[in-house]
Amino acid sequence: MLQTVRNAWNIPELRRKILFTAFILLIYRFGSAIWVPFINRDLLAEFFSSSGLGDTIFGMFDMMSGGAFSQATIFAMSIQPYINASIIMNLLTVGIPALERMVKEGGEDGKKKIASITRFVTVLLGILMGIGYYATLSTNNLVTPNNWFTATVIVLTFTAGTAFIMWLGEQVTEFGIGNGISIILFASIVSRGPSIVSAAYTGISSGALQWWQLIIILALALVVVAFVVFITQAERRIPIQYAKRMVGRKMYGGQSTHLPLKVNMSGVMPIIFAQTFASFPATIAMFFREPAPGTFMKGFLDAIKYGSTIYVVAYFLLILGFSYFYTSIQFNPVEIANNLKQNGGFIPGFRPGKPTSDFISKVINKITLFGALFLAIVALMPILMSRVVSVQGLAWGGTSVLIVVGVALETVKQMEQQMLMRHYKGFLE
């Protein structure tokens with residue numbers, strides 16, 4: 001990976017793209033430190049540290065924004081509205097035939113229309129999330145003065161920050177290296193590194209964390225990263241054979257290839273969905289007065305709180321369920337079998353049509369189960385680790401590790417592809 005980056009840096013064209021990407025990320029991190037007006041900073045910090053928001057959906061928002069959410073900066077919403085808008089559009093594309101035809105038959109124009117709709121949905125979600133965040137701040141007396149003008153300024157600032165981040169991501173995609181939204185998300189998560197180092201130093205200084213525990217955590221983190229890299233790149237290859245056919249006086253086909261099926265087809269989405277649903281009760285309870293000790297509601301909330309046995313089991317089952325759900329949306333075995341049949345391809349040992357689609361479905365179900373178990377292990381490891389080491393802010397979540405590793409691998413792969421294209425272009429010229 002380091003060798004690839006070094007080789008890319010030696011190419012003037014790629015060096016300009018890398019510097020442009022770094023400049024955009026500098027703007028993003030600068031905006032993440034600019035506070036929104038009319039919000040009491042001291043009370044906000046105390047509110048986030050004492051209310052246990054890390055156990056709610058707001059904790060995920062804060063992670064994806066690199067801490068900007070808990071500080072109420074202009075980029076507090078980060079790319080979360082865009083991610084939600086993309087998920088909504090993916091689901092609508094599957095459920096609404098008109099949108100599905102737009103994607104499949106519209107070509108490049110259809111993709112541009114879908115991208116435009118996604119932008120509008122992103123802004124709309126940014127407004128709704130901004131209103132929700134303002135309502136939370138207002139309810140806890142964190143806004144001064146609290147009137148309609150203040151509310152308008154805060155919500156519009158959050159929304160403008162969302163739209164600007166979306167624009168920055170598009171600029172990186174067009175003129176920089178890698179997918180812009182993924183790069184920004186990568187920068188947000190990596191920016192939490194200094195706080196993790198600080199938490200480790202504080203834990204050792206206070207005696208809450210021993211040196212041998214830190215060494216074990218670091219070794220375990222390296223093993224997890226290596227495991228994530230291995231599974232992210234792993235794939236099941238189904239052999240495909242194309243029959244020979246005559247077109248005019250030429251013979252086509254006859255070659256052998258394969259159908260690659262990634263072990264982790266759904267990526268990090270099942271964890272995001274599962275974390276959202278698992279933290280939903282704690283998020284709703286946060287808006288109400290804390291129940292008195294000894295009551296049924298207090299016992300119920302303690303039983304399902306973050307890190308409890310019920311939470312771990314529910315989180316595990318939700319990851320399994322959403323893995324199969326998201327894979328079924330992204331991958332259609334019947335469509336693949338029909339495409340193979342139309343192009344004269346077949347899987348050796350299986351007749352074209354339904355037998356082929358049944359075989360592909362069987363393979364997908366097996367590797368999806370393995371991929372879902374992999375996601376569950378990575379997602380639950382920080383929770384299990386927190387039972388051994390009680391140092392707040394020390395461990396990254398499974399979502400963070402998967403995103404960081406996935407974006408890094410994808411960006412390096414794009415660098416290699418661009419260098420390869422440049423090599424062949426120079427050779428042909």
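Positions are given from 1 along the sequence. Note: hydrogens, waters and symmetry copies are ignored here, and every other heavy atom, side chains too, is used.
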Scan the side chains in residues 364-376 for donor-acceptor partners under 3.5 Å anywhere in the protein, sequence neighbours excluded, and list what turns up.
unit_1: N365; atom_1: ND2; unit_2: S361; atom_2: O; d: 3.2
unit_1: T368; atom_1: OG1; unit_2: I364; atom_2: O; d: 2.6

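- Between N140 atom CG and L43 atom CG the span is 10.0 Å, to the nearest 0.5 Å.
- The ring of F322 has its center closer than 6.0 angstrom to the ring center of F277.
- Residues I271 and L402 have side chains in contact (heavy-atom distance under 4.5 Å, counting atoms from C-beta outward).
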For residues 28-39, please give each side-chain donor-acceptor pair under 3.5 Å, one per line with the distance, not counting sequence neighbours.
unit_1: Y28; atom_1: OH; unit_2: S78; atom_2: OG; d: 3.3
unit_1: Y28; atom_1: OH; unit_2: S188; atom_2: OG; d: 2.4
unit_1: S32; atom_1: OG; unit_2: Y28; atom_2: O; d: 2.9

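- A donor-acceptor pair shorter than 3.5 Å can be found between the side chains of N84 and Q80.
- Scanning both residues, R192 and G66, for their nearest heavy atoms gives CG-CA, 4.2 Å.
- In this structure, the side chains of M129 and F61 come closer than 4.5 Å at one or more pairs of heavy atoms.
- Residue S400 comes nearest to I189 through the heavy atom pair CB-CG2, 3.6 Å, listed as atom of the first residue, atom of the second, then distance.
- Applying the ring pair (Phe, Tyr, Trp, His ring centres under 6.0 Å) test to F316 and every residue at least two apart in sequence or in another chain returns nothing.
- Taking the side chain as every heavy atom from C-beta outward, I360 and S357 never approach each other to under 4.5 Å.
- In terms of heavy-atom proximity, M265 sits nearest to K262 at CG-O, 3.0 Å.
- A salt bridge links K354 with D358; the closest basic N to acidic carboxylate O contact falls under 4.0 Å.
- The heavy-atom pair separating A337 from G353 by the smallest distance is CB-O, 3.7 Å.
- For the pair F186/L25, no side-chain contact is recorded, criterion being any heavy-atom separation below 4.5 Å from C-beta on.
- Interatomic distance, CG of N264 versus OG1 of T232, reported as 6.0 Å (0.5 Å rounding).
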Under 3.5 Å, sequence neighbours excluded: what are the donor-acceptor pairs made by side chains of residues 156-168?
unit_1: T157; atom_1: OG1; unit_2: V153; atom_2: O; d: 2.6
unit_1: T159; atom_1: OG1; unit_2: V155; atom_2: O; d: 2.8
unit_1: T162; atom_1: OG1; unit_2: F158; atom_2: O; d: 3.1

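- In this structure, N146 and Y134 have side chains that are in contact, with non-hydrogen atoms separated by less than 4.5 Å.
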Open item on the list: Determine whether L185 and I83 satisfy the following criterion, side-chain contact (heavy atoms from CB on, under 4.5 Å), listing intermediate values before the conclusion.
Closed with: CA-CA 10 Å; L185 181 57; I83 293 177; 4.3 Å; yes
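- For residues 118-138, the set of pairs meeting the salt bridge (Lys or Arg N to Asp or Glu O under 4.0 Å) definition, not counting sequence neighbours, comprises R119-E170.
- Atoms CD and CE, on E410 and M415 in that order, are 11.5 Å from each other to the nearest 0.5 Å.
- Taking the ring centroids of F69 and Y133, they lie under the 6.0 Å cut-off.
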Open item on the list: Could you walk me through whether I117 and F120 satisfy the side-chain contact (heavy atoms from CB on, under 4.5 Å) test, starting with their C-alpha distance in whole Å, then the side-chain angles of each, then the deciding distance to 0.1 Å, before giving a yes or no?
Closed with: CA-CA 5 Å; I117 297 174; F120 284 112; 5.6 Å; no
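- By the neighbour-count criterion of 12 heavy atoms within 6.0 Å, atom NZ of K341 is sparsely surrounded, having that number or fewer from other residues, nucleotides or ligands.
- When side chains are defined from C-beta on, R236 counts as touching V363, because their heavy atoms get closer than 4.5 Å.
- Two residues are said to be in side-chain contact when any heavy atoms from C-beta on lie closer than 4.5 Å; Q417 and M419 fail this criterion.
- Within a 6.0 Å sphere centred on CZ of R351, heavy atoms belonging to other residues, nucleotides or ligands number 12 at most.
- The CG atom of N40 sits 10.5 Å away from the CG atom of L137 when rounded to the nearest 0.5 Å.
- A heavy-atom distance below 4.5 Å is not found between the side chains of T21 and F175.
- Among residues two or more places apart in sequence or in another chain, the side-chain contact (heavy atoms from CB on, under 4.5 Å) test is passed with F23 by I27.
- Separation of atoms CG (L92) and CD1 (I87) is listed at 12.0 Å; rounding is to 0.5 Å.
- No hydrogens or angles considered: nothing links the side chains of T173 and N179 as a donor-acceptor pair under 3.5 Å.
- In this structure, NE2 in H258 is found 10.5 Å from CD1 in I238, a value given to the nearest 0.5 Å.
- Judged by distance alone, with hydrogens and angles left aside, the side-chain atoms of T411 form no donor-acceptor pair with the main-chain N or O of A408 at under 3.5 Å.
- What you find for A85 and T118 is that their closest heavy atoms are CB-O, 3.8 Å.
- Closest of all the heavy-atom pairs between L318 and A274 is CB-CB, 3.6 Å.
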- [ ] Using the side-chain contact (heavy atoms from CB on, under 4.5 Å) rule, take E235 and R237 through it: C-alpha gap first, then chi angles, then the decisive distance, then the call.
- [x] CA-CA 6 Å; E235 59 184 21; R237 297 181 177 182; 2.8 Å; yes
Task: Audit row: S323, I319, side-chain contact (heavy atoms from CB on, under 4.5 Å) steps and yes/no - done: CA-CA 6 Å; S323 294; I319 291 175; 4.1 Å; yes
